[in-house]
Amino acid sequence: MDFKGQVIQSLQQVLPVEMAPEKLNSLLEIPKSGKLGDLAFPTFILAKEMHQSPVEIAADLAKKIDAAAFEKVQAVGPYLNFFLDEQKFSQQILETILTQQAKFGEQDLGQGGNVPIDMSSPNIAKPMSMGHLRSTVIGNSLAKLLEKVNYQPIKINHLGDWGTQFGKLITAYKLWGSEEEVKKDPINKLLEYYVHFHQVDVKHPELDDQAREWFRKLEDGDPEAMELWKWFRKISLQTFMKVYDRLGVEFDSYNGEAFYNDKMAEIVEILADKGLLHESRGAQIVDLSKYHLNPALIKKTDGATLYITRDLAAAVYRKRTYHFVQSLYVVGSEQTNHFKQLKAVLHEMGADWSDQIHHIPFGLITSGGHKLSTRAGRVILLEKVLDDAVALAQKQIEQKNPGLKHKAEVAKAVGVGAVVFHDLKNNRMDNFDFNLEEVVRFEGETGPYVQYTHARAESILRKSGKNLGELPDQLRISSQINLEAWGIVKKLADFPTMIERAVTEYEPSVIAKYALHLAKAFNQYYAHNRVLNDDAGLNGRLALVEAVAIVLKEALRLLGVKAPDEM
RNA sequence: GCGCUUGUAGCUCAGCAGGAUAGAGCGACCGCCUCCUAAGCGGUAGGUCAUCGGUUCGAUUCCGAUCAAGCGCACCA
């Protein structure tokens with residue numbers, strides 16, 4: 001039985017009133033300070049019934065309770081504090097971790113169910129920005145977390161590869177572009193044309209007509225338009241792949257908006273058949289007033305489909321193809337209403353799976369307090385940020401550890417790790433104003449801090465010259481456990497719970513914060529205790545170090561961050 | 001105007017279904033490398049937890065109102 005169960009059982013034997021185990025379970029809490037114990041029972045609720053002060057009740061219970069199963073049980077003020085048997089508990093948790101290695105923390109919440117994740121989704125012919133980074137790294141981390149608890153994630157890069165902007169792009173390219181220029185620097189050149197278009201069309205609205213015409217041609221399958229579109233898509237994707245490669249992110253599908261071009265008619269038909277489609281101001285809509293939502297625009301006045309039409313087709317396609325148990329969309333919080341509408345329309349269509357759709361929103365990244373805008377040319381280029389971060393990491397290595405092997409590789413892991421970790425450290429919903437120095441910081445609560453801690457642990461293990469994984473009998477914690485080591489052990493034991501929380505809240509930051517806390521605990525231990533002393537406690541300390549290395553590495557992996565053995 | 005999100009230290013943020021003196025990091029100041037990587041560790045300074053009410057034995061946490069900020073509010077995605 002687990003510790004909490006033992007506490008509940010012992011409490012039930014001495015409580016003067018009947019209390020269900022579930023009730024007790026919810027009442028028990030973890031004391032703020034480890035010095036106060038490992039679990040506490042507050043006695044306030046008993047005060048009224050027993051006509052006694054909570055302090056007296058706690059003292060009374062402490063006298064009566066059978067403390068055999070615990071290190072000790074102590075009344076402090078109105079609390080009854082329980083202390084774990086540190087020896088036994090430490091040995092048990094360390095053994096578990098060293099045996100399971102990277103599998104530690106795995107659980108079966110998903111029973112293998114498919115979970116498509118709509119993520120990253122950059123627009124063709126536009127550079128990836130920090131906003132895409134958020135969607136990419138949150139989606140990637142959620143995929144790894146879901147896999148860890150036995151779901152089957154399917155990472156879908158829903159590319160923005162269709163829409164009227166291609167009419168504009170083709171127009172701009174025909175007017176000002178050249179093949180050689182684009183080949184040299186694809187995305188930046190295409191972006192340049194696009195931005196230029198928006199600067200010029202303010203004074204020359206006739207350009208918009210040209211753009212509309214080119215998009216119409218594209219939809220009609222005009223060879224020249226199609227050729228250009230395919231080319232733009234191909235070279236854009238090639239550029240994106242370089243970024244994904246650096247981030248270590250892979251996708252299971254690149255089916256973007258264009259993929260659903262031939263799948264929307266069916267949706268419109270279904271909506272019409274069910275009598276859900278109405279005309280309003282010349283457009284075809286689905287009324288959602290009973291959901292307190294704006295109507296969903298299925299078709300524009302000119303008959304063209306819209307964003308939601310495409311997403312409806314995508315949702316239905318994904319259900320049919322993957323038979324998902326959940327379908328996630330890692331998309332900015334500004335689109336919250338869109339996804340409410342999406343779910344509502346699906347519900348109206350009779351899709352009983354509409355509540356399996358979950359929008360995973362995240363906060364906005366601004367620059368100098370302003371919203372980013374590709375049109376206005378106000379972007380934070382992701383590639384540039386990664387370049388800067390890696391260059392800075394390189395510099396740092398030259399300074400701190402010039403003799404290091406595989407410098408370039410480590411610099412990449414640390415630089416990219418800093419950027420990714422920074423994005424995952426805080427609650428998804430937090431907005432933040434972009435600040436390069438903040439993002440590529442290597443000290444304090446950062447990815448490199450966790451990586452460094454892991455590298456320190458690995459370094460000790462290397463120097464010990466032992467292979468602990470093969471020596472389970474010697475994991476005995478023979479020396480007395482000090483407060484620092486005990487703090488680590490308790491954190492290690494929390495890992496599975498943290499994973500569960502991260503998954504149920506769709507919140508990678510739970511893992512990032514956990515990794516920081518564990519790293520902090522280990523660094524405190526490291527600063528005050530020498531591991532490689534040849535005494536009776538050596539094996540126990542090494543077991544602790546290895547367990548920390550395993551869990552830190554695994555936590556970083558779940559965030560999509562590499563953990564070099566040296567740095 | 002309506003809806004969603006958010007208001008905790010100078011800055012960036014933690015505070016798991018309310019509970020014991022509100023915690024980190026950065027920045028500031030002061031310490032610690034004859035010892036396993038100082039990308040580290042320790043200390044000092046810094047808070048009416050936006051405001052006002054309500055529920056409760058107890059509220060930073062739950063509810064309501066107010067104020068402030070961000071985002072969204074049909075033919076972009």
Side-chain angles (χ1 to χ4, degrees), chain A residues 26-27 29-33 36 40 42 44-45 47-48 53-54 76-79 81 121 123 160 162-165 257 280-285 292-308 310-311 331-338 340-341 361 363-364 366 369 371 375 393 396-397 399-401 404 414 418 425-427 429-433 435 437-438 441-446 448-453 455-464 494 497-498 501 505 509-510 513 516-517 519-520 523-533 541 545 566-567:
Chain A
S26 68
L27 246 36
E29 60 188 64
I30 295 161
K32 288 227 158 119
S33 160
L36 288 167
F44 303 99
I45 34 139
K48 200 177 268 181
S53 83
V76 178
Y79 292 88
N81 294 332
S121 312
N123 293 320
W162 202 254
T164 48
Q165 74 267 25
E257 294 172 3
S280 169
R281 302 182 212 171
Q284 296 292 313
I285 64 151
H292 305 288
L293 292 168
N294 283 327
L297 262 89
I298 304 299
K299 275 188 166 183
K300 300 203 277 191
T301 313
D302 66 5
T305 53
L306 281 129
Y307 181 37
I308 196 158
R310 208 170 291 275
D311 261 5
V331 179
S333 62
E334 66 271 23
Q335 290 191 42
T336 299
N337 278 327
H338 165 74
K340 282 185 183 165
Q341 289 182 319
L364 210 64
T366 53
K371 198 179 166 180
R375 284 190 194 186
Q396 195 86 192
I397 289 168
Q399 225 172 72
K400 313 234 174 202
N401 198 355
L404 182 69
V414 172
K425 174 178 71 167
N426 290 331
N427 282 330
M429 288 303 290
D430 286 357
N431 298 330
F432 74 89
D433 198 63
N435 177 327
E437 289 101 80
E438 188 84 19
R441 175 163 280 154
F442 299 148
E443 290 162 18
E445 297 178 322
T446 64
Y449 172 80
V450 180
Q451 289 174 318
Y452 178 71
T453 311
R456 276 180 144 183
E458 287 294 343
S459 173
I460 293 175
L461 295 172
R462 262 196 314 279
K463 289 192 173 150
S464 78
D494 283 341
T497 314
M498 292 299 134
R501 232 186 93 196
E505 294 175 15
S509 70
V510 169
K513 281 165 196 152
L516 284 170
H517 292 147
K520 173 106 181 145
N523 279 321
Q524 283 170 337
Y525 177 81
Y526 182 97
H528 304 295
N529 300 274
R530 194 172 159 78
V531 176
L532 295 175
N533 274 342
R541 289 194 300 271
V545 173
E566 282 181 81
M567 62 185 269

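The figures that follow rest on heavy atoms only: side chains count, while hydrogens, waters and symmetry mates do not.
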Taking only the side-chain heavy atoms of [X] (C-beta and beyond), determine which of [options] contains the nearest atom.
X: A:Asn81; options: B:rA20, B:rG70, B:rC36; value: B:rA20
X: A:Ile285; options: B:rA74, B:rA39, B:rA20; value: B:rA74
X: A:Lys371; options: B:rC71, B:rA39, B:rA74; value: B:rC71
X: A:Glu443; options: B:rC36, B:rA39, B:rA20; value: B:rA39
X: A:Ile397; options: B:rU5, B:rA39, B:rG25; value: B:rA39
X: A:Ala40; options: B:rA20, B:rC35, B:rC16; value: B:rA20
X: A:Lys340; options: B:rG3, B:rA38, B:rA20; value: B:rG3
X: A:Arg501; options: B:rC41, B:rC16, B:rG72; value: B:rC16
X: A:Leu306; options: B:rC76, B:rC41, B:rC36; value: B:rC76
X: A:Gln524; options: B:rC16, B:rG42, B:rA77; value: B:rG42

Side-chain heavy atoms of [X] within contact of [Y], under 4.5 Å:
X: A:Leu461; Y: A:Glu458; result: yes
X: A:Tyr525; Y: A:Val531; result: yes
X: A:Leu297; Y: A:Ile308; result: no
X: A:Tyr307; Y: A:Gln335; result: yes

Hunt down the Watson-Crick or G-U wobble partner of [N], both distances under 3.5 Å, from any strand shown, or write none.
N: B:rU61; value: none
N: B:rC2; value: B:rG72
N: B:rG47; value: none
N: B:rU12; value: B:rA24
N: B:rU56; value: none
N: B:rA38; value: none

Taking for A:Ala455 and for A:Ile30 the nucleotide of RNA chain B with the nearest heavy atom, the one nearer the 5' end belongs to A:Ile30
Assign each of A:Asp302 and A:Pro448 the nucleotide of RNA chain B bearing its closest heavy atom; nearer the 5' end lies the nucleotide of A:Pro448
Separation between CG (A:Asp430) and CG (A:Leu364), nearest 0.5 Å, reads 12.0 Å
Given the 90°-from-0 boundary between syn and anti, B:rC33 should be labelled syn
Judged by whether its glycosidic angle lies within 90° of 0, B:rA17 is syn
Considering every strand and a 4.0 Å limit on heavy-atom distances, what is the contact class for [X]: base, sugar-phosphate, or nothing?
X: A:Met498; answer: nothing
X: A:Val76; answer: base
X: A:Asp430; answer: sugar-phosphate
X: A:Lys425; answer: nothing
X: A:Phe442; answer: base
X: A:Glu29; answer: base
X: A:Ser333; answer: nothing
X: A:His528; answer: sugar-phosphate
X: A:Gln451; answer: nothing
X: A:Asp494; answer: nothing
X: A:Ser280; answer: base
X: A:Asn435; answer: nothing
X: A:Gln399; answer: nothing
X: A:Pro31; answer: base

Set out, line by line, the N/O atom pairs under 3.5 Å between protein and nucleotides 54-64 of chain B.
residue: B:rC57; atom: OP1; partner: A:Lys48; partner atom: NZ; Å: 2.8

Distance, [atom1] atom - from [M] to [N], rounded to whole angstrom:
N: B:rC2; M: B:rG58; atom1: P; answer: 34 Å
N: B:rC30; M: B:rG46; atom1: C1'; answer: 16 Å
N: B:rC62; M: B:rC49; atom1: C1'; answer: 16 Å
N: B:rG27; M: B:rC33; atom1: C1'; answer: 24 Å
N: B:rA9; M: B:rA24; atom1: P; answer: 15 Å
N: B:rU6; M: B:rC13; atom1: C1'; answer: 13 Å
N: B:rU44; M: B:rC52; atom1: P; answer: 31 Å
N: B:rG15; M: B:rU8; atom1: C1'; answer: 9 Å

Using whole Å, report how far [atom1] of [X] lies from [atom2] of [N].
X: A:Asn523; N: B:rC36; atom1: CG; atom2: C1'; value: 13 Å
X: A:Asn426; N: B:rU6; atom1: CG; atom2: C1'; value: 13 Å
X: A:Tyr525; N: B:rC36; atom1: OH; atom2: C1'; value: 11 Å
X: A:Met429; N: B:rG72; atom1: CE; atom2: P; value: 13 Å
X: A:Arg456; N: B:rC36; atom1: CZ; atom2: P; value: 10 Å
X: A:Lys513; N: B:rA24; atom1: NZ; atom2: P; value: 16 Å
X: A:Leu364; N: B:rC71; atom1: CG; atom2: C1'; value: 7 Å
X: A:Asn294; N: B:rG72; atom1: CG; atom2: C1'; value: 10 Å

**Prompt:** Taking N and O atoms by type only, does the side chain of A:Asp311 place a donor or acceptor under 3.5 Å from a partner on the base of B:rA77?
**Reply:** no
**OP:** Check whether the side chain of A:Arg310 and the base of B:rA77 form a donor-acceptor pair under 3.5 Å.
**Re:** no
query: Any chance NZ of A:Lys299 has more than 12 other-residue heavy atoms, nucleotides or ligands included, within less than 6.0 Å?
result: no
Distance-only side-chain donor-acceptor flag, [X] / [Y], under 3.5 Å:
X: A:Asp311; Y: A:His338; answer: yes
X: A:Asn426; Y: A:Ser509; answer: no
X: A:Asn533; Y: A:Arg541; answer: no

